[in-house]
Amino acid sequence: MTTSTFKSTGHTGGVRRPGRWLALSVLVLAVLLVAVDATVLGLATPFLSEDLEPTGTQLLWIGDVYSFVIAGLLVSMGSLGDRIGRKKLLLIGATAFGAVSVLNAYASSPETMIVARALLGVAGATLMPSTLALIRNLFHDPRERSLAIGIWGAMASAGAAVGPVVGGFLLEHFWWGSVFLINLPVMAVLVLVGVKLIPESKNPNPGPWDLPSVALSLVGMIGVVYAIKELASHGPSLDAGLAALAGAGALTWFVRRQLTLPAPLLDMRLFRHRGFSGAVLADLLTILGLSGLVFFLSQFFQLVQGRQPLEAGLAELPAAIGAVTAGLVAGVAARRFSVRSVVTAGLAAVGLSLAVLTTLDQHTGYPLLGAALLVVGVGAGFAFTVTADVILSSVPKEQAGSASAVSETAYELGAALGIAVLGSIVTGVYRGFPVPAGVPADVASAAHESLGGAVEASGALAPQTAAALVSAGQEAFVDGLRIAAGVGAAVLLATAAAAWFLLKGQKLADGIEH
């Protein structure tokens, strides 16, 4: 079925396709799973470290290469969906996602795991832009679409927090590979139900898919993110400089090429719209704060406060509850007040919660942590959902895939940067901790790679020395977490201020003035 079947009537009532809410439930299933996969590894990290014995750098790559690859390919895949059909791309991606999950589950070395995570990123990149673009095609009534995007955004935000709960349950009953095998039944349901319920849609006059642009966007994104990661981890270096130059050069070339192509992979003129650019920036930094926080609190709850995986996952649940609740009412709030006030308040809430975490120590009670996570979830739910609606509403329907890809690129790049930048700060501070006297050099080296490595390495020491080593490592990890929270807070509060100006006069697509 093509887009011509669903012509808008020219008012807010639009054509309403039967079964659209059931179709939406299938689409958000895909979103939830991709989002869960971005964070589920946080809890599995101590188990994976023990089994595969990665270095600290390899561990960071295992954690964030998935998001890097997704970020690098989203624009290309969004544009491909516009051309070959978004439903077709979604179903192909879902099948590949299930198959590659098996490879992740049975990885036998750090190198294999990094490659498997990268391939999972390729499959994930086909899913995310297709889902948001298909929502644009399913829902023509702006208020219905706002609610549908709210549900979509809630699942995307909640996935980051649900991941630890799912992972915690699986890790207490199975081995770490089970966090990937859970993808198989979900993807099977998505494919079987999606074939029947989801209508096909694509750009009727798409033009050719420009492969040089695909390569430039991939090289540019990965180059820039890698440079940021290296700079944060190890300070200025030749590798980081070369990666930054290559990435920035590729992205500059990509932009110039898009401006000259008759059918660009991404219409760069969209960014001339102040509201569109502001929404993309807010998107990216909201998720940076959320994903970075969730990833490292998973380790804090387990390795510093000694919680079991399921308990640690449940401890992060307030973030999911807040994100889902806020996502469902975000459209109503943006119409009742204004787009800029809701997004600004959401960003400020995330920033202030991160600022509270600068007071964290090893013995911080759960009420403070739970409250901070709840406020982060609410703030992210409001900001992310409203900005996604703004992005999707500001383009013609034919470009829905490309616009969705921009929103999704912001999401995945934010997730990657949250783990890479904040993670590199944590890792950088952690690696400098003083080792107690009497610890052999090889044990000290293993302990400095990661906190999980310190816990594992301490098993070879006398009880008193082992306790001193782990305690020193925990203290250094918490020091790093406090600094990372401070950096995240500053970034989010600055973004809140910028959003207030960039989103001035912006409104959701129903003709109501904000």
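We use all heavy atoms of the structure for the numbers below, so side chains are in, but hydrogens, waters and symmetry mates are not. Remember, predicted model here, so these are calculated numbers, not experimental data. Start at 1 with the first residue, then count along the sequence.
Closest non-hydrogen pair, N183 versus S101, comes out as ND2-OG, 2.8 Å. Nearest heavy-atom pair across G381 and A330 is O-CB, 4.3 Å. The minimum heavy-atom distance linking S213 with L261 is given by the pair OG-CD1, 3.7 Å. Nearest heavy-atom pair, V376 versus S353, reported as atom, atom and distance to 0.1 Å: CG2-CB, 3.3 Å. Of all heavy-atom pairs between A105 and G177, the closest is CB-O, 3.3 Å.
When atom types are taken as modelled, the side chain of S217 and the backbone of V214 share a donor-acceptor pair closer than 3.5 angstrom. Within the 3.5 Å criterion, the main-chain N or O of A248 finds a donor-acceptor partner in the side chain of T252. Under a 3.5 Å cut-off, the side chain of T126 and the backbone N or O of V122 do not form any donor-acceptor pair.
Remark: L52 engages L48, P54, P110, M113, W176 in a side-chain contact (heavy atoms from CB on, under 4.5 Å) (not counting sequence neighbours). In this structure, the side-chain contact (heavy atoms from CB on, under 4.5 Å) partners of M221, at least two apart in sequence or on a different chain, are T409, L413. With sequence neighbours left out, T344 forms a side chain to side chain donor-acceptor pair (under 3.5 Å) with no residue at all.
The shortest distance between side-chain heavy atoms of R117 and F180 falls below 4.5 Å.
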For side chain to side chain contact (heavy atoms under 4.5 Å, CB included), just list the numbers for S277 and V280, CA-CA rounded to whole Å, side-chain angles, deciding distance to a tenth of an Å, and then say yes or no. CA-CA 5 Å; S277 297; V280 171; 5.8 Å; no
Using the rule given for side chain to side chain contact (heavy atoms under 4.5 Å, CB included), can you reason through L259 versus R256, listing the C-alpha separation, both sets of side-chain angles and the distance that settles it, and then say yes or no? CA-CA 5 Å; L259 292 171; R256 292 175 67 88; 5.7 Å; no
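Relative ring orientation between F276 and F271 is described as perpendicular, the plane-to-plane angle rising above 60° on a 0-90° scale split at 30° and 60°.
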